[in-house]
2 protein chains.
Amino acid sequence: MGRRSDHTRIELEELFVAEGRRQLAETGLARFSAREVAKRVGYSIGTLYNVFGSYDGLMLALNARTLALWAQHLRDRLAAAGDDRIRALVCGYFEFARDNPKAWIAIYEHHMADGGPAPESYQALAADLMSVAAGEVARELPEAAAEAVLALTRSLVATVHGHCAFALYRTFSMLGETAPADAALARVRETLEAAKTRDR
Amino acid sequence: MGRRSDHTRIELEELFVAEGRRQLAETGLARFSAREVAKRVGYSIGTLYNVFGSYDGLMLALNARTLALWAQHLRDRLAAAGDDRIRALVCGYFEFARDNPKAWIAIYEHHMADGGPAPESYQALAADLMSVAAGEVARELPEAAAEAVLALTRSLVATVHGHCAFALYRTFSMLGETAPADAALARVRETLEAAKTRDR
DNA sequence: AATTTAATTGAACGGTGATCATTTCTGGTG
DNA sequence: CACCAGAAATGATCACCGTTCAATTAAATT
């Protein structure tokens, strides 16, 4: 059809991402198809490749959107939180994963075709998410050195991630666990308490 | 070729599983191909389907083998452990994942085509793995009730899993973490200490 | 030797990600 | 207004995938 001024390149990107997220949420990563996204948007597969370059490019755009929404969700929860900001953070983590299970899983299950790392701009989004958590850990441990805060934050996020992953992968339900978020919160509290005791 | 007495059905299964594991370790789940496994074993794709029924059936057989080897690895480490059995357990967990990264990841990233649960026999292998950990937790908390031990074990395994997953997915290296196993062990120790204090 | 039975095969089907020569439209020029 | 150069959009084409199943072939039975 030639240069359609129907949509700018930015609009096109947004169309594909919106439809891609809809489809990812429905079918999950394993059945996800770039062709099907293009078809439902009403553009050809060739146009989708013009915009994103590859399947990886499309998936990165989708996961980047998920990461941004996740970070926003956490900040919203923290803004509305009372005294117990750690609980707000852990619950916000679980809420987002539970409300967007397929998209959340896709963040971890998509791998670049060449096995290489994701581009800088994508890693920045993951780092931003981590910094939200680090801010709260720093608030809990005012005396701690910055590097110690970061190291502890990484470990705490890994702890929560493990509980959240088991919850979404149904590993927990298979084993009889019913309140994974509570368990994760309890673990985080223990670690923060131990760190406070060490600091004194 | 008709009924080849070259291999019994059991031998055939073993041939496919051995070659499948080799290929999974090389290429990873995303590029893994049942056709390629059949080709390299020297049987047709049809015979592979006679044996395993589907791609899911093959993957379950591969993942079942991985789970069994993992449990064996943990028991071996515990048998050779000194006083610090918890360290042996956590390190054994990480060692196996690090030595078999693609196979370990496939355990979590393979999903049944219909989204349903894995068959009973497969779940039993996962439960066995959990029971290895539960035995050590029970040893640490002799006073604790059985159900409390199981609940704590689930949470501790989730904690270690989170650290291990971040290590293998390179989330940690992206964030500057260098000793994920040490961090996981520290978290486990804190939780066990807190539980002991509660029991008193 | 003839027949039955069951294991093995691989072509065929509909789908995928990826490519790129071709077509089709648009903005600018004379 | 007619023309053209260039960019956007296309979809046939390719190699591969999981899956199916009629046909084939070798072993077991008669």
Side-chain angles (χ1 to χ4, degrees), chain A residues 1-17 19-20 23-24 26-63 102 106 109-116 118, chain B residues 1-17 19-20 23-24 26-63 102 106 109-116 118:
Chain A
M1 312 253 175
R3 176 191 293 173
R4 301 219 309 215
S5 50
D6 292 9
H7 305 102
T8 68
R9 193 198 161 87
I10 305 290
E11 287 171 335
L12 220 44
E13 212 172 304
E14 179 54 33
L15 280 175
F16 283 128
V17 167
E19 178 57 36
Q23 220 168 113
L24 186 59
E26 279 176 18
T27 69
L29 182 61
R31 295 172 192 270
F32 181 80
S33 153
R35 290 180 98 102
E36 187 66 22
V37 171
K39 190 188 290 181
R40 292 215 198 166
V41 167
Y43 274 86
S44 73
I45 179 66
T47 296
L48 189 149
Y49 268 78
N50 285 344
V51 173
F52 296 102
S54 66
Y55 178 87
D56 273 3
L58 173 60
M59 279 309 307
L60 279 175
L62 299 182
N63 284 345
K102 306 255 174 72
E109 293 196 353
H110 169 69
H111 308 294
M112 305 293 283
D114 60 9
Chain B
M1 314 252 174
R3 177 192 292 174
R4 300 221 308 216
S5 50
D6 291 7
H7 305 101
T8 67
R9 194 199 161 85
I10 306 290
E11 287 171 335
L12 220 44
E13 212 171 304
E14 180 53 34
L15 280 176
F16 283 128
V17 167
E19 178 57 36
Q23 217 166 115
L24 187 59
E26 279 177 18
T27 70
L29 182 61
R31 297 173 192 269
F32 181 80
S33 153
R35 289 179 100 106
E36 187 65 23
V37 171
K39 188 188 290 180
R40 293 216 198 166
V41 167
Y43 274 87
S44 74
I45 178 67
T47 296
L48 189 150
Y49 267 76
N50 285 345
V51 173
F52 297 102
S54 65
Y55 178 88
D56 273 4
L58 172 61
M59 278 309 307
L60 280 175
L62 298 182
N63 284 345
K102 305 256 174 69
E109 293 195 353
H110 169 69
H111 309 294
M112 304 293 283
D114 61 8

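Predicted model only: the values in this text are computed from it and were never measured. What you see below is based on every heavy atom in this structure, not just the backbone, and it leaves out hydrogens, waters and symmetry mates. We name chains A, B, ... by the order of the sequence lines, and we start the count at 1 in each one.
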Test your reading of the model: is there a side-chain donor-acceptor pair from B:Lys102 to the backbone of B:Thr27, 3.5 Å cut-off?
no

What's the CZ-C1' distance between B:Phe16 and C:dT8, to the nearest Å?
10 Å

Select base, sugar-phosphate, or nothing to describe what A:Leu12 touches, counting heavy atoms under 4.0 Å on all strands.
sugar-phosphate

What closest approach, in Å, do A:Val37 and A:Phe16 show between heavy atoms, and which atom pair accounts for it?
CG1-O, 3.8 Å

At under 4.0 Å, does any side-chain N or O of B:Ser44 touch on OP1 or OP2 of C:dT9?
yes

Under the salt bridge (charged side-chain N to carboxylate O under 4.0 Å, His left out) rule, collect the residues that match up with B:Glu19, sequence neighbours excluded.
B:Arg22

Using whole Å, report how far NZ of B:Lys39 lies from P of D:dA15.
13 Å

Using five pairs at either end of the helix from C:dA1-D:dT30 to C:dG30-D:dC1, determine the angle between the two local helix axes and round it to 10 degrees.
30°

Separation of C:dA7 atom C1' from B:Tyr43 atom OH, nearest Å, is 9 Å

Rounded to the nearest 0.5 angstrom, the CD-NE2 distance for A:Glu109 and A:His111 is 7.0 Å

Note, B:Tyr43 side chain near B:Val51 side chain (heavy atom, < 4.5 Å)
no

Please work out whether the ring planes of B:His110 and B:Tyr55 are parallel, tilted or perpendicular, with thresholds of 30° and 60°.
tilted

For B:Arg40, does the CZ atom sit with more than 12 other heavy atoms under 6.0 Å from it, leaving out its own atoms?
yes

Nearest-angstrom distance from the residue atom CG of B:Asp6 to P of C:dT9
10 Å

Determine whether a donor-acceptor pair (N or O, by modelled atom type, separation under 3.5 Å) exists between the side chain of A:Arg35 and the backbone of A:Ile45.
no

Atom NE2 of B:His111 and atom P of D:dG18 are separated, to the nearest Å, by 17 Å

Check the distance between D:dG18's P and B:Leu58's CG and give it to me in whole angstrom.
9 Å

Restricting to nitrogen or oxygen on both sides, can you table the protein-nucleotides 17-20 of chain C pairs closer than 3.5 Å?
{"from": "C:dG17", "atom 1": "OP1", "to": "A:Ala34", "atom 2": "N", "distance (Å)": "3.0"}
{"from": "C:dG17", "atom 1": "OP2", "to": "A:Ala34", "atom 2": "N", "distance (Å)": "3.4"}
{"from": "C:dG17", "atom 1": "OP2", "to": "A:Arg35", "atom 2": "N", "distance (Å)": "3.3"}
{"from": "C:dG17", "atom 1": "N7", "to": "A:Arg35", "atom 2": "NH1", "distance (Å)": "2.5"}
{"from": "C:dG17", "atom 1": "O6", "to": "A:Arg35", "atom 2": "NH1", "distance (Å)": "2.9"}
{"from": "C:dA18", "atom 1": "OP2", "to": "A:Tyr49", "atom 2": "OH", "distance (Å)": "2.3"}
{"from": "C:dA18", "atom 1": "OP2", "to": "A:Tyr55", "atom 2": "N", "distance (Å)": "2.5"}
{"from": "C:dA18", "atom 1": "O5'", "to": "A:Tyr49", "atom 2": "OH", "distance (Å)": "3.1"}
{"from": "C:dA18", "atom 1": "N6", "to": "A:Arg35", "atom 2": "NH1", "distance (Å)": "3.2"}

What pair of heavy atoms forms the shortest contact from B:Leu60 to B:Ala118, and how long is it?
CD2-CB, 4.2 Å

